[in-house]
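Some notes on the structure that comes next.
The analysis underlying the following values was restricted to heavy atoms, covering all of them including side chains, and did not include hydrogens, waters or symmetry mates. Along the sequence shown, residues are numbered consecutively beginning with 1. Only a predicted model underlies this, so the values are computations on that prediction, with no experimental measurement involved.
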Amino acid sequence: MSLPLFLVPDLPDGDRWRLDGPEGHHAANVQRLSAGESLLLSDGRGGLLHAVVSAAAKGALDLDLGDSTFVPAHDPRITVVQGIAKGERAELAVQLMTELGVDRIVPWQAARSIARWKDPKPLERWRATVREAVKQSRRAWLPEVTDARTTKQLTLSGTVLLLHEEASVPLSEAPLDGDITLVVGPEGGIAPEELAAFPDALPVRLGREILRTSTAGAAALAALSIRLGRW
């Protein structure tokens, strides 16, 4: 069974260290790790450190630190521009994409997005969902979640692939060159004027079936992971 992973701002030095704060509370009080059990610490920037619990306290663990390793970042990187959806569907999309290897997420306030972000709370939930998915999937890299952007504020780079149900090119045949930007529309789809706003994007389809915005990005990431040799 893989070791539980906890995120810290920086990997500690030395032989011993105390894991406290929210991560320490979760490790000690929720997962109930005890002396002799092993875990991983990650800085979310590729660093991993093996540690063994020497003592457990309320809301904290004392650790004996072991070997550290560095996991290189994905190359090429995959950014997903995710159309903002309602509540749980949006958070499910973010969770699945993180588990499947997305490197960067850009919340997109698309023309047909039903949900409208009027305060920072939805963005905070996306970022919290990403953190939890990183720990669940034992990832060494914490994907960036940018501030929400409108169509006019988007800057797309690299190979830009736009998921569209009427596209004639399947994702499996799309040319890939360098970093990839994947554009996923909201529940209502991508408006015609938005298609015109992305002249360099290649519309691609996933298949005959129409996927929800909460699963389309994850399905595309899985397909790309195979094509790029990640899997």
Problem set entry | Pair S34-E37, side-chain donor/acceptor within less than 3.5 Å | yes
For this session: Answer yes when K135 and E23 have at least one side-chain N-carboxylate O distance shorter than 4.0 Å, and no when they do not.
Result: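 So K135 pairs with E23 through a salt bridge.
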Is the shortest heavy-atom distance from the side chain of [X] to the side chain of [Y] under 4.5 Å?
X    : Y    : answer
L100 : W231 : yes
D10  : R45  : yes
L211 : S214 : no
H26  : Q31  : yes
S2   : L40  : no
F198 : V160 : no

Grab the two heavy atoms, one from [X] and one from [Y], that are nearest each other, plus how far apart they are.
X    : Y    : result
A35  : S54  : CB-O, 3.7 Å
D43  : G47  : OD1-N, 3.0 Å
A174 : V204 : CB-CG1, 3.9 Å
T181 : S157 : OG1-O, 2.8 Å
A133 : E99  : CB-CG, 4.1 Å

Does [X] [atom1] have over 12 foreign heavy atoms under 6.0 Å away?
X    : atom1 : result
R138 : CZ    : yes
E193 : CD    : yes
R32  : CZ    : no
R16  : CZ    : no
D13  : CG    : no

Exercise. What's the verdict on side chain to side chain contact (heavy atoms under 4.5 Å, CB included) for L19 and V53, showing C-alpha distance, side-chain angles and the deciding distance?
Worked result: CA-CA 10 Å; L19 177 65; V53 179; over 6 Å; no
Exercise. To the nearest 0.5 Å, what is the distance between CG (L123) and OG1 (T146)?
Worked result: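 Atom-to-atom, L123:CG and T146:OG1 are 7.5 Å apart.
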Give the table of side-chain donor-acceptor pairs shorter than 3.5 Å for residues 75-92, with sequence neighbours excluded, one pair per line with atom names and distance.
{"residue": "Q82", "atom": "NE2", "partner": "T213", "partner atom": "OG1", "Å": "2.7"}
{"residue": "E91", "atom": "OE2", "partner": "R125", "partner atom": "NE", "Å": "3.1"}

For this session: Identify, with sequence neighbours excluded, every residue that meets side-chain hydrogen bond (donor to acceptor under 3.5 Å, both in side chains) alongside D103.
Result: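 D103: side-chain hydrogen bond (donor to acceptor under 3.5 Å, both in side chains) contacts with H74, R230.
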Exercise. Just one of V184, L176, V183 clears the side chain to side chain contact (heavy atoms under 4.5 Å, CB included) bar with L161, so which one?
Worked result: L176
Exercise. Looking only at atom types and distance, does a side-chain atom of S42 sit under 3.5 Å from a main-chain N or O of G44, one as donor and one as acceptor?
Worked result: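 The answer is yes, because a donor-acceptor pair under 3.5 Å joins these two groups.
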Expected list for residues 58-72: side-chain donor-acceptor pairs under 3.5 angstrom, two or more places apart:
{"residue": "D62", "atom": "OD1", "partner": "R18", "partner atom": "NE", "Å": "2.8"}
{"residue": "D62", "atom": "OD1", "partner": "R18", "partner atom": "NH2", "Å": "3.3"}
{"residue": "D62", "atom": "OD2", "partner": "R18", "partner atom": "NH2", "Å": "3.2"}

